[in-house]
Amino acid sequence: MGNNLLKGKRGIIFGALNEQSIAWKVAERAVEEGATITLTNTPIAVRMGTVNALSEKLNCEVIPADATSVEDLENVFRRSMEVLGGKIDFVLHSIGMSPNVRKRRTYDDLDYKMLDTTLDVSAVSFHKMIQSAKKLDAIAEGGSILALSYVAAQRTFYGYNDMADAKALLESIARSFGYIYGREKNVRINTISQSPTMTTAGQGVKGMDKLYDFANRMSPLGNASAEECADYCIVMFSDLTKKVTMQNLFHDGGFSNVGMSLRAMATYEKGLDEYMDENGKIIYG
């Protein structure tokens, strides 16, 4: 049951694909809290995913768009303002993809064209999104813009690869643009550094099941679920956080501040056989 935290607010949710998506959960909670929204994802994701089912459930429009295309992004904001009847109060950027991760390229053997795609889709799209919105004056005074990040922006995690670079850039964009947009329009921009979450994208990371288990053992509160992340996003969209901006906010059950937990120590020695090549050399990437 909602508490009307977003009553009367208008929002755009980027990146909902299926019921596993954090963006999907955020869209459901936003509407539950009284908001009206539009949904957007790439044309192929709209065709291949189940976002149309979500739009029917929430009675909201889906606007297909390539988040790396400024033209498409401008259309998303224009169409959203038209459909929703005014400027946008909140935006969620839940977009990330690495061809290098998908192709199992290790960090010391990256394909640089693929790296360009990783950075463009997973981070630069955030800048393009904000810049497009600002030039169109599409965000309401005091609005809130969020992107989803991960602690690999600050620390090295096996298998996360060039997505770590993308997340570091994403967080930098939030700080740099947060200052400008905050001064000019009181718009706040933040990132949420979420626990490992078994989304469709997350499961593409090598060793994700082990990373998920490790983080859960390390965190005093355990991993934060997609539903719990959605709750946090709602608070950040609401008027309860009007003075929070340019922050990377950890939502990880305390993982980011733990050195070594008892549960992790108890299961530490498992061997490295599965991470060795045919010559017995450990593959660290």
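Under a 4.5 Å side-chain heavy-atom criterion applied to ILVMFWY residues, the cluster that includes I44 comprises M48 as well. L221 shares a hydrophobic cluster with no other residue; no ILVMFWY side chain has heavy atoms under 4.5 Å from its own.
H93 and S125 are linked by a side-chain donor-acceptor pair at a separation below 3.5 angstrom, with hydrogens and angles left out of the test. For the 3.5 Å distance criterion, the side chains of W24 and Q20 fail to qualify, holding no donor opposite an acceptor. Defined by atom type and a distance below 3.5 Å, a donor-acceptor pair is missing between the side-chain atoms of D165 and Y160. Between N161 and N100, the side chains place no donor N or O within less than 3.5 Å of an acceptor N or O (distance only, hydrogens not considered). Side-chain polar atoms of T38 and S80 form a donor-acceptor pair below 3.5 angstrom. Judged by distance alone, the side chains of D66 and T42 never bring a donor and an acceptor atom under 3.5 Å apart.
In terms of heavy-atom proximity, A16 sits nearest to A23 at N-CB, 3.4 Å. A pairwise comparison of heavy atoms in Y107 and L110 identifies O-CG, 3.4 Å as the closest pair. G253 approaches S195 most closely through the heavy-atom pair N-OG, 4.3 Å. Summarising the geometry of P220 relative to V258, their closest heavy-atom pair is CD-CG2, 3.6 Å, with the distance given to 0.1 Å. Closest of all the heavy-atom pairs between F255 and M218 is CD1-CB, 3.6 Å. Listed here is the closest heavy atom pair of I88 and G11: CG2-CA, 4.0 Å.
No continuous path of ILVMFWY side-chain contacts below 4.5 Å connects I173 to L249, so the two sit in separate hydrophobic clusters. Connection of V187 to L6 is not established within any shared hydrophobic cluster, with ILVMFWY side chains joined at heavy-atom distances below 4.5 Å, either directly or through further cluster members. In this structure, V62 is a member of the same hydrophobic cluster as I37, with clusters built from ILVMFWY side-chain heavy atoms closer than 4.5 Å. Connection of L5 to I12 is not established within any shared hydrophobic cluster, with ILVMFWY side chains joined at heavy-atom distances below 4.5 Å, either directly or through further cluster members. Under the 4.5 Å side-chain heavy-atom criterion for ILVMFWY residues, no single connected hydrophobic cluster contains both V235 and I192.
Residues Y181 and I130 have side chains in contact (heavy-atom distance under 4.5 Å, counting atoms from C-beta outward). Side-chain atoms of F77 and V91, non-hydrogen and from C-beta on, do get closer than 4.5 Å to each other. Side chains of N3 and E33 form a contact here, defined as non-hydrogen atoms less than 4.5 Å apart. F214 has its side chain out of reach of K210: every pair of non-hydrogen atoms, C-beta onward, lies at least 4.5 Å apart. Side-chain contact check for C229 versus T197: every heavy-atom pair is 4.5 Å or farther apart. Taking the side chain as every heavy atom from C-beta outward, T191 and L148 never approach each other to under 4.5 Å. Looking at heavy atoms from C-beta onward, F157 lies in side-chain contact with L211 at the 4.5 angstrom threshold. The side-chain heavy atoms of I145 and M129, taken from C-beta on, include a pair separated by under 4.5 Å.
Without hydrogens or angle criteria, N190 side chain to N248 main chain gives no donor-acceptor distance under 3.5 Å. Of the possible polar contacts, one joining the R188 side chain to the T241 backbone as a donor-acceptor pair under 3.5 Å is found. Remark: the backbone N or O of A45 is not paired with any side-chain donor or acceptor of N41 at under 3.5 angstrom. Q194 places no side-chain N or O within 3.5 Å of a backbone atom of Y150 that could act as its donor or acceptor partner. Looking only at distances, no side-chain donor or acceptor of S144 sits under 3.5 Å from a matching main-chain atom of F90. A donor-acceptor pair is defined here as one N or O able to donate and one able to accept, closer than 3.5 Å; such a pair exists between the side chain of D89 and the backbone of R10.
Not a single ring-ring contact (aromatic ring centres under 6.0 Å, His included) links F14 to another residue, sequence neighbours left out.
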Test D231 against K25 for salt bridge (charged side-chain N to carboxylate O under 4.0 Å, His left out), laying out the working first.
-> CA-CA 9 Å; D231 288 338; K25 306 297 184 184; over 6 Å; no

Run the side-chain contact (heavy atoms from CB on, under 4.5 Å) check on Q131 and V70 step by step: do they pass?
-> CA-CA 9 Å; Q131 182 168 291; V70 172; 6.0 Å; no

Begin with the C-alpha distance, continue with both residues' side-chain angles, and end with the deciding distance and a verdict on salt bridge (charged side-chain N to carboxylate O under 4.0 Å, His left out) for K103 and D111.
-> CA-CA 10 Å; K103 297 291 186 181; D111 179 294; over 6 Å; no

Go through S149 and E171 one step at a time and tell me if the side-chain hydrogen bond (donor to acceptor under 3.5 Å, both in side chains) criterion holds.
-> CA-CA 7 Å; S149 190; E171 292 175 14; 2.5 Å; yes

Starting from the C-alpha separation in whole Å, work towards a yes-or-no answer on salt bridge (charged side-chain N to carboxylate O under 4.0 Å, His left out) for K87 and E141.
-> CA-CA 9 Å; K87 292 185 180 182; E141 187 88 9; over 6 Å; no

How far apart are the C-alpha atoms of E74 and K135, what are their side-chain angles, what is the distance that settles it, and do they pass the salt bridge (charged side-chain N to carboxylate O under 4.0 Å, His left out) test?
-> CA-CA 9 Å; E74 289 176 347; K135 288 185 175 181; over 6 Å; no

Apply side-chain contact (heavy atoms from CB on, under 4.5 Å) to I189 and M246, showing your working.
-> CA-CA 6 Å; I189 305 176; M246 300 167 62; over 6 Å; no

Might you work through the side-chain hydrogen bond (donor to acceptor under 3.5 Å, both in side chains) test for T118 and D162, ending with a clear yes or no?
-> CA-CA 7 Å; T118 299; D162 58 348; 2.9 Å; yes

With side-chain contact (heavy atoms from CB on, under 4.5 Å) as the test, would you mind laying out the steps for E227 and R29 before giving the verdict?
-> CA-CA 9 Å; E227 290 83 1; R29 288 289 288 116; over 6 Å; no

Check the pair L17 / V51 against side-chain contact (heavy atoms from CB on, under 4.5 Å), numbers first and verdict last.
-> CA-CA 6 Å; L17 178 66; V51 67; over 6 Å; no

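Salt bridge present: R79 and E61 bring a charged side-chain N and a carboxylate O closer than 4.0 Å. Contact check on D109 versus R105 returns a salt bridge, with a Lys/Arg side-chain nitrogen under 4.0 Å from an Asp/Glu carboxylate oxygen.
Checked against the 6.0 Å centroid criterion, the rings of F177 and F126 do not qualify as a close aromatic pair.
Taking CD1 of I139 as the start and CE of M81 as the end, the distance is 8.5 Å to the nearest 0.5 Å. Between the CD1 atom in I234 and the NZ atom in K9 there is a gap of 11.5 Å [rounded to 0.5 Å]. E228 contributes atom CD, which lies 12.0 Å from atom CG of D252 (distance to the nearest 0.5 angstrom). Atom CG of L146 sits about 5.0 Å away from atom SG of C233, to the nearest 0.5 Å. For the atom pair L170 CG and M163 CE, the distance stands at 8.5 Å (nearest 0.5 Å). The structure places CG of L39 at 8.5 Å from CD1 of I63, a figure rounded to the nearest 0.5 Å.
Results of the side-chain contact (heavy atoms from CB on, under 4.5 Å) test with T68 over T117, L73, V121, I95 single out V121 as the only residue that passes.
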